[in-house]
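Structure, as structure tokens:
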Protein chains: 2
Amino acid sequence: MPKESTPVVGVTLDRYDRQILDILQRHGRINNQELAERIGLSPSPCLRRVRALEDSGLITGYRALVDAKRLGHSLTALLHISMDRHTPERFANFEAKVAALPQVQECLLITGQEADYQLKVVVHDMDDYQNLLLNQITRIEGVTGAHSSFVLRRVLEHRPVPSYSDAPY
Amino acid sequence: MPKESTPVVGVTLDRYDRQILDILQRHGRINNQELAERIGLSPSPCLRRVRALEDSGLITGYRALVDAKRLGHSLTALLHISMDRHTPERFANFEAKVAALPQVQECLLITGQEADYQLKVVVHDMDDYQNLLLNQITRIEGVTGAHSSFVLRRVLEHRPVPSYSDAPY
DNA sequence: TTATTTTTTAGCATATAATGCCAATCTAAC
DNA sequence: GTTAGATTGGCATTATATGCTAAAAAATAA
């Protein structure tokens with residue numbers, strides 16, 4: 001085990017792996033040759049490491065980012081949802097209904113007395129939002145409350161998860 | 001303009017473009033040949049369209065997704081921050097300070113009386129969180145309040161932005 | 001420290017994919 | 001229908017990914 005390696009849950013990363021993760025989180029479609037150059041390895045071991053990170057499940061996928069506003073979705077909202085009862089059935093049903101709504105970008109189960117879920121939704125305009133909220137979301141069984149915040153500006157988004165080396169231990 | 005096209009702010013998309021956007025948002029590293037097959041075009045026009053979507057700014061980038069938990073970040077929190085004054089200087093300073101913290105995955109300026117910003121942060125454990133909150137974030141000039149929610153489970157994440165055709169108009 | 005084992009690498013050959021070009025096809029307007 | 005413009009498919013070329021092997025590096029044991 002190299003001295004610079006980082007033992008984590010089932011994975012051991014050295015500085016090459018950390019660099020790969022960092023670069024791919026910023027430039028997900030970089031080709032293997034340039035990635036290899038940037039981390040200071042030749043292409044073949046570099047590719048082997050990328051494949052290993054994918055196979056290990058540490059890299060879970062790749063996504064293109066699109067400009068939602070330019071696609072016509074000018075409104076992004078955070079929706080905090082409260083449920084009446086905290087039973088697995090209630091939750092499972094809610095989650096299935098929400099998963100069927102393409103406007104829902106994200107759904108997190110969270111702690112807190114004010115809400116059980118936070119949804120992030122994108123819609124065309126306020127009319128669409130009202131329709132989504134009143135006709136879709138609040139009609140899901142068990143939903144007792146909904147509180148909306150609107151995103152005025154996206155200051156930071158899609159930032160890389162820190163490598164362990166960023167942490168102060 | 002083809003009959004199936006979708007006029008948006010400065011962009012006109014037909015079904016091929018919409019399919020490309022949808023597929024690349026799910027499989028950001030798919031190769032051009034397979035992408036071309038899936039949308040029913042030959043590779044060369046397919047690639048030309050992808051480049052056009054990138055050049056137009058509709059596709060803003062690509063990201064690898066990593067499993068934060070397996071990287072040692074077992075705690076994800078949503079942090080709602082209130083500011084004393086809503087001046088550009090206050091905001092700019094806060095945003096710069098927050099951008100320097102690698103644990104901050106996302107920072108959104110939002111509406112609402114309870115908070116001005118929502119941060120999404122990932123940390124190793126509750127000790128780290130406490131340290132981040134008390135020693136870093138609440139010490140930023142102008143921060144008057146912070147309220148934390150913790151993410152219990154990620155139900156949905158990184159979903160594709162709906163193509164316009166998903167909308168009911 | 002030195003010898004031995006194990007792991008990882010670089011380089012090359014081969015397979016696969018991306019890119020640029022052009023004739024043919026399709027679309028939209030007249 | 002006819003024409004003008006845009007888009008496509010196929011091909012040649014260039015670039016990249018992948019698999020293999022010998023060499024190098026790292027880890028382990030003596």
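The chains referred to below are lettered A, B, ... by the order of the sequence lines, with proteins before strands, and numbering in each begins at 1.
Between B/L24 and B/I30 there is a side-chain heavy-atom pair separated by less than 4.5 Å.
No option in A/D128, A/V122, A/D127 other than A/D128 meets the side-chain contact (heavy atoms from CB on, under 4.5 Å) test with A/H124.
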request  = Please test A/Y62 against B/Y62 for ring pair (Phe, Tyr, Trp, His ring centres under 6.0 Å), starting from the C-alpha separation and ending with a verdict.
outcome  = CA-CA 7 Å; A/Y62 298 89; B/Y62 298 89; 9.6 Å; no
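Taking atom CG on B/L53 and atom C1' on D/dT7, their separation rounds to 15 Å, with Å as the unit. Rounding to whole angstrom units, CD of residue A/E37 and C1' of D/dA15 are separated by 13 Å. Look at CZ on A/R15: it is 13 Å from C1' on D/dA25, rounded to the nearest Å. Between A/L47 atom CG and C/dA10 atom C1' there is a gap of 14 Å when expressed in whole angstrom units. Look at OH on A/Y16: it is 7 Å from P on C/dT9, rounded to the nearest Å. Straight-line distance from the CG atom of B/D17 to the P atom of D/dT8: 9 Å, rounded to whole Å. A/N32 places its CG atom 15 Å from the C1' atom of C/dA15, with the value rounded to the nearest Å. Per the geometry, CD belonging to A/Q33 stands 8 Å off C1' belonging to D/dA17, to the nearest Å.
Taking both residues in full, the closest heavy atoms of B/A115 and B/H80 are given as CB-CB, 3.6 Å, listed atom of the first, atom of the second, then distance.
Proximity of A/R51 to the phosphate of D/dT18: a side-chain N or O atom is located under 4.0 Å from OP1 or OP2. Between B/R49 and D/dT8 there is a side-chain polar atom (N or O) within less than 4.0 angstrom of OP1 or OP2.
You'll find that the side chain of B/N31 is closest to C/dA17, out of C/dT9, C/dC21, C/dA17. The side chain of A/P45 lies closest to C/dA10, out of D/dT8, C/dC21, C/dA10. Listed candidates were C/dC21, D/dC20, C/dA18. Nearest to the side chain of B/R48 is C/dC21.
Between A/S42 and B/I30, the residue anchored nearer the 5' end of DNA chain C, judged by the nucleotide with its closest heavy atom, is A/S42.
Partners of B/R90 under the salt bridge (Lys or Arg N to Asp or Glu O under 4.0 Å) rule, at least two apart in sequence or in another chain, are B/D84, B/E141.
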